[in-house]
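Just so you know, ligand 1 is whichever comes first in the structure, and atom 1 is the first atom listed for that ligand.
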Amino acid sequence: MKATLIHGERDIRLEDVPNPVLHAETDAIVRVVAACVCGSDLWPYRGISPTTEPHRIGHEFVGIVEEVGSAVANVNVGDFVIAPFYFCDNTCINCRNGVSTSCLNGGWWGSDDRDGKFVDGAQGERVRVPLADGTLVATPEVPDDAQVPHLLALADVMGTGHHAAVSAGVIKGSTVVVVGDGAVGLCAVLAAHRLGASRIVAMSRHADRQAIAREFGATDIVSERGDDGVAKVKELLDGIGADCVLECVGTKESMDQAIRSARPGGMVGYVGVPAGGPELPIRTLFSNNVGVRGGVAPVRGYVEELLPEVLAGTLAPGRVFDLDLPLSDVAEAYAAMDERRATKVLLRP
Ligand SMILES: [Zn+2]
């Protein structure tokens, strides 16, 4: 089958790799219907995190189950399934505590599982899914093509945006600032809107992304950064800042922007993968009683909550996909995201 490998900085190749086979009785083989490129895939692509040897890449996919091991009970051959950006048993103590990203038996696409067997990356034609009963969520029916982007968003970006909102404690009537206008930031706007925020300020400098933010429920756009950005946010929000700030980038600058945009007593929910050395200014947090909560989003636990609304058409996060390419154009998909010609690229094998 074909699958994507990263060889180094700006070097993405689609290559022939072995077809996956079942290794454990809890495995499933899924034929990928759609995958995508994540903002975090751009860190190795740009050489910010170095690639020492070629390896498989991609961690978001939906697809059709082709084979199941003898112990798999929750999904069947022919089911359309959503996979979170990691695999997990969904039964261990960490999973039950709502932190399935810390599953005691889990792991990551494109690396080895706990038995030392390779697990495929998502940007390919097929994936061996360990712990299929815990990892995969099947839809009641095979969805039509138009629903696929919205379902694929549940694999990562929508659940991650939701985690930012939940971590920051967004409730009905909250004032919210969202730092970051990538797919996760835009989904965080949508999540805050869904949870009933009364005011949502999206910090964005790109007209196309501002438009999506407005569609997703942003009431205000701030294009300024740094001191000017903080001043503008405070001017919009009673002179004090936001109840809840959703940090969806992961850099030193974005975390600083987020913390300074919170009102005294406010809360920052952060989900941006840390890069470039963000640190917490404890004295500032202490002085203003600002809290910081979040981390790698346990999106598996959010799928059941969000899926009915996606299937009903009332939650449509797939709008973040603004470029649709065949898997054979995966190198162009990375380039388009790197050069900000696309917010998020959907790939069809
Ligand atoms: Zn677990």
Q: Do V184 and C187 come close enough that some side-chain heavy atom pair is under 4.5 Å?
A: no
Q: Could you state the interatomic distance from CZ (R13) to CD1 (I57), rounded to the nearest 0.5 Å?
A: 13.5 Å
Q: Do the charged groups of R348 and D145 touch, with an N to O distance under 4.0 Å?
A: yes
Q: Between E125 and K2 (salt bridge meaning N to carboxylate O under 4.0 Å), is one present in this structure?
A: no
Q: With ring centroids as reference points, do F85 and W109 lie under 6.0 angstrom apart?
A: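 Not under 6.0 Å, so no.
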Q: Got a second to check how far L5's CG is from R56's CZ, nearest 0.5 Å?
A: 6.5 Å
Q: Inside 2.8 Å of the Zn ion (ligand 1) but strictly below it, how many protein N/O/S atoms are present?
A: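 That number is 4, waters not included.
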